[in-house]
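Beneath this line is the structure, given in structure tokens, with notes to follow.
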Amino acid sequence: MDNRDIARRLRETADLMEVAGEDSFRIRSYRKAADAIDAATVPLASLCDDPRRLLELPGIGKTMCGHIVELVGSGQLGLHQELLARFRPGMLELLQVSGLGPKTVALIWQTYNAGSLDEVEALAKAGKLRELPRMGAKAEEKILRGIAVHRELSGRYRRDQIAAVIELLRPVLSGAPGVTQLAFAGSYRRGKDTVGDLDIIASGPGFPQQGAGVVAAFLAAPRVDTVLAQGENKVSLRLQGDGLQVDLRLLPPESFGAALQYFTGSKQHNIHLRSRAQQLGLKLNEYGLLRDSDGVMIAGATEEDVYSALGLDYIAAELREDAGEIEAAASHSLPHLITQADIRGDVHMHTTASDGRASILEMAAAAADRGYQYICITDHSQALAMASGLDERRMLEHLAAIRRDEKEFQASHPGFRVFAGIEVDILSDGRLDMADEVLAQLDLVIGSIHSRFDQSSEDTTARILRAVGNPHLDLLGHPNGRLLLRREPYQYDFERILDACQAAGVAMEINASPERLDLNDVQARRCRERGIPIVINTDAHHPRHLDNIGYGIATARRAWLEAHDVLNTLPAELFLSRLRQ
DNA sequence: GCCGTTTTCGGCCCGACTGTTTTCAGTCG
């Protein structure tokens with residue numbers, strides 16, 4: 001049982017305790033313990049022999065220590081089991097539904113003895129939920145919508161979840177006997193925000209026949225739950241916990257490139273590519289590019305060979321959606337996609353002044369370590385009280401601290417800039433929740449929507465448009481604002497918002513936090529087409545979150561963005577002047 | 001349940017928003 005599993009079990013316990021109506025502070029301590037376990041750098045299982053070391057972790061006391069030892073020892077937690085027996089496993093899923101919280105779930109359970117997605121959906125459809133106190137037709141409708149969204153998204157996995165699995169499997173597979181090449185393909189490689197499964201290609205001399213070693217290593221990998229299929233060419237299995245399906249395919253080196261191309265997709269891109277091959281008298285499959293007439297293989301060892309033999313420039317995986325990339329590759333007009341190395345600064349991050357985990361100086365040091373030349377500190381404003389957001393007085397103090405710390409940091413890092421900003425909330429009437437005279441003193445003002453808002457598209461559009469009209473607003477942060485895999489995106493008239501941004505000189509953010517799906521491919525592309533500047537930020541709450549920039553880069557590449565489309569590829573002074581022009 | 005004392009019990013993140021209310025509970029972040 002690894003740290004992730006332990007943390008998950010404690011979080012589930014907290015969820016169920018919430019339904020049971022337990023003390024909220026007691027519940028919070030379970031979640032805090034889970035957070036601490038996720039943040040721990042040592043496997044907890046290795047500490048269980050000496051519980052004193054467990055107690056050193058923040059938020060882990062005597063009871064949690066006992067829970068951890070129990071989980072590591074038996075793989076189960078008595079309290080967790082009891083709660084599951086008292087309620088029902090389906091309740092954990094119900095709590096994931098947007099609009100359904102512990103109180104409502106508990107009420108439905110007490111009244112109707114219903115505790116699963118199907119049961120609650122049936123009750124809602126039968127109009128039974130509106131009979132409950134404080135519930136009405138609208139609430140019922142909202143729950144049905146939440147269930148529909150949940151159904152649509154379940155079985156999809158966030159990019160960072162897949163990255164964690166890859167981190168686990170890569171050393172196991174690359175070190176397996178006979179493996180000379182290894183690649184993770186599928187929609188993950190295409191840079192999608194969410195993926196349905198993970199495709200792995202391994203090749204080595206004599207594969208697949210000589211690949212027994214890698215199959216054995218795969219089957220013995222950590223977190224393997226069940227084997228779904230096992231043949232000579234392919235092994236499929238399901239992982240414990242989240243149930244992710246992972247497919248491993250074995251191929252000889254001469255087919256590696258063709259297989260990588262084939263299993264990277266997308267389906268539409270491959271269909272188009274195969275028809276192009278056909279027109280050239282060729283046949284393309286996962287083993288190679290073959291001549292129709294005699295079946296001789298012309299290419300297959302590398303993807304570059306395959307594209308080249310088809311008369312195409314190499315097409316980056318992120319572009320492979322059959323959205324004009326094949327035509328562009330044929331006419332040598334593919335974009336020079338932005339890369340991580342182009343980014344010179346990250347201008348959306350939090351510190352301990354609101355809900356971040358590190359100080360201004362620690363964030364600056366982390367950014368400098370990653371080769372950046374500037375950052376901007378953008379803590380939350382007061383509307384996000386839960387994150388201990390700043391009111392005017394605290395913001396002014398924070399501003400002074402940022403200016404002070406910048407000077408101090410420049411002593412060891414000459415020229416490094418620490419800008420002062422804020423992430424304000426766009427309230428329902430379009431106002432920003434911070435006085436203009438304070439905003440005027442800041443280098444960067446990011447407007448975001450945090451509060452729940454599922455009114456009509458017209459209302460949301462008006463809300464954002466009004467905020468864009470505020471002369472102090474520089475950057476529109478996650479207007480789409482949904483937590484990935486959980487919520488419906490806000491509906492609004494994006495073109496009208498872009499009109500307003502263009503008129504007001506407001507830039508758009510790509511928020512690289514793995515939990516946010518903020519500017520989707522289409523939106524980022526529309527910004528590029530309309531010449532609206534984009535800023536790629538991580539929204540870091542911890543120094544290590546700065547590494548998430550890769551997720552934003554993937555989104556940007558999918559939207560065909562080049563370095564000059566993105567403002568934070570500019571040096572510090574130019575960045576600020578372009579942003580505030 | 002954890003933590004840190006004002007050492008053995010009290011504090012712990014709270015405001016915006018909606019839908020159902022005639023004053024507020026539930027959800028979300």
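Below, chains carry the letters A, B, ... as their sequence lines are ordered, and counting in each starts from 1.
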Open item on the list: I need the CD1-C1' distance between A:I27 and B:dG26, as an integer number of Å.
Closed with: 14 Å

Open item on the list: Applying the side-chain contact (heavy atoms from CB on, under 4.5 Å) criterion to A:Y188, which one of A:D197, A:I166, A:V165 satisfies it?
Closed with: A:I166

- [ ] Find the distance A:D539:CG to B:dG29:P and express it as a whole number of Å.
- [x] 13 Å

Open item on the list: Classify A:A14 by what it touches in the nucleic acid, base, sugar-phosphate, or nothing, heavy-atom distance under 4.0 Å.
Closed with: nothing

Task: NZ/NE/NH1/NH2 to OD/OE distance under 4.0 Å, A:D547 and A:R370 - done: yes

- [ ] Give the rounded distance in Å between these two atoms: CG of A:L100 and P of B:dG26.
- [x] 13 Å

Task: All side-chain hydrogen bond (donor to acceptor under 3.5 Å, both in side chains) counterparts of A:R28, not counting sequence neighbours - done: none

- [ ] Could you work out which one of B:dG19, B:dG29, B:dG1 sits closest to the side chain of A:R134?
- [x] B:dG19

Task: Between C1' of B:dG29 and NE2 of A:H380, the distance in whole Å - done: 9 Å

Task: Side chain of A:A139 (C-beta onward), nearest among B:dC17, B:dG19, B:dG1 - done: B:dG19

TODO: Using the six-membered ring of A:F494, assess whether NZ or CZ of A:R526 lies under 6.0 Å from its centre and within 45 degrees of the ring axis.
DONE: no

- [ ] Check the distance between B:dT20's P and A:I143's CD1 and give it to me in whole angstrom.
- [x] 10 Å

- [ ] State whether A:D193 and A:R558 are salt-bridged, where the test is any N-O pair (Lys NZ or Arg NE/NH1/NH2 against Asp/Glu carboxylate O) under 4.0 Å.
- [x] no

Task: Same-atom distance (P) from B:dC14 to B:dT20, integer angstrom - done: 28 Å

Task: Any residue meeting ring-ring contact (aromatic ring centres under 6.0 Å, His included) with A:H80, in chain and number order, not counting sequence neighbours - done: none

Task: Same-atom distance (P) from B:dG15 to B:dG10, integer angstrom - done: 24 Å

Task: Residues that A:L144 engages under side-chain contact (heavy atoms from CB on, under 4.5 Å), provided they are two or more places apart - done: A:E121, A:A124, A:K125

- [ ] Can you tell me, in whole Å, how much space there is between the C1' of B:dT21 and that of B:dG26?
- [x] 12 Å

Task: Length of the CZ-C1' vector between A:R26 and B:dG1, whole Å - done: 7 Å

Task: B:dC12 versus B:dT6 - spacing of their P atoms, nearest Å - done: 15 Å

TODO: Select base, sugar-phosphate, or nothing to describe what A:D433 touches, counting heavy atoms under 4.0 Å on all strands.
DONE: nothing

Task: Between C1' of B:dT18 and CZ of A:R463, the distance in whole Å - done: 12 Å

Task: Interatomic distance where CG belongs to A:L94 and P belongs to B:dT27 [whole Å] - done: 12 Å

Task: Between B:dC13 and B:dT27 - C1' atom distance, rounded Å - done: 16 Å

- [ ] Report the base-pairing partner of B:dG10 (Watson-Crick or G-U wobble, both distances below 3.5 angstrom), or none.
- [x] B:dC3

- [ ] Have a look at B:dT8 and give me syn or anti from its glycosidic angle (syn if within 90° of zero).
- [x] syn

Open item on the list: Below the 4.0 Å mark, does B:dA16 have OP1 or OP2 next to a side-chain nitrogen or oxygen of A:S428?
Closed with: no

N/O contacts under 3.5 Å, protein versus nucleotides 2-11 of chain B?
unit_1 : atom_1 : unit_2 : atom_2 : d
B:dC2  : OP1    : A:G61  : N      : 2.9
B:dC2  : OP1    : A:G61  : O      : 3.4
B:dC2  : OP1    : A:T63  : N      : 3.4
B:dC2  : OP1    : A:M64  : N      : 3.0
B:dC2  : OP2    : A:T63  : OG1    : 3.4
B:dC3  : OP1    : A:G59  : N      : 2.9

Open item on the list: Could you tell me how far B:dG19 sits from B:dT23 if I compare only their C1' atoms? Round to whole Å.
Closed with: 13 Å

Task: Nearest-angstrom distance, C1' atom, B:dC9 to B:dA16 - done: 34 Å

- [ ] With the side chain of A:K138 defined as its heavy atoms from C-beta on, choose the nearest nucleotide among B:dG1, B:dG15, B:dT20.
- [x] B:dT20

Open item on the list: Pick the closest DNA chain B nucleotide for A:F25 and for A:A383 by heavy atoms, then say which residue is nearer the 5' end.
Closed with: A:F25

Task: Sorted by number, the residues of residues 102-110 of chain A with heavy-atom contact under 4.0 Å to DNA chain B - done: A:P102, A:K103, A:T104

Task: Which nucleotide in B:dG1, B:dC17, B:dG29 has an atom nearest any side-chain atom of A:L384 - done: B:dG29

- [ ] With rounding to the nearest 0.5 Å, note down the distance linking CD in A:E423 to CG in A:D355.
- [x] 8.5 Å

Task: Basic-acidic side-chain contact under 4.0 Å: A:R158, A:D160 - done: yes

- [ ] Report yes if some heavy atom in the side chain of A:R151 is under 4.5 Å from a heavy atom in the side chain of A:L117; otherwise report no.
- [x] yes

Open item on the list: Pick the closest DNA chain B nucleotide for A:K32 and for A:D429 by heavy atoms, then say which residue is nearer the 5' end.
Closed with: A:K32

TODO: State which residues pass side-chain contact (heavy atoms from CB on, under 4.5 Å) with A:A45; sequence neighbours excluded, sorted by chain then number.
DONE: A:V72

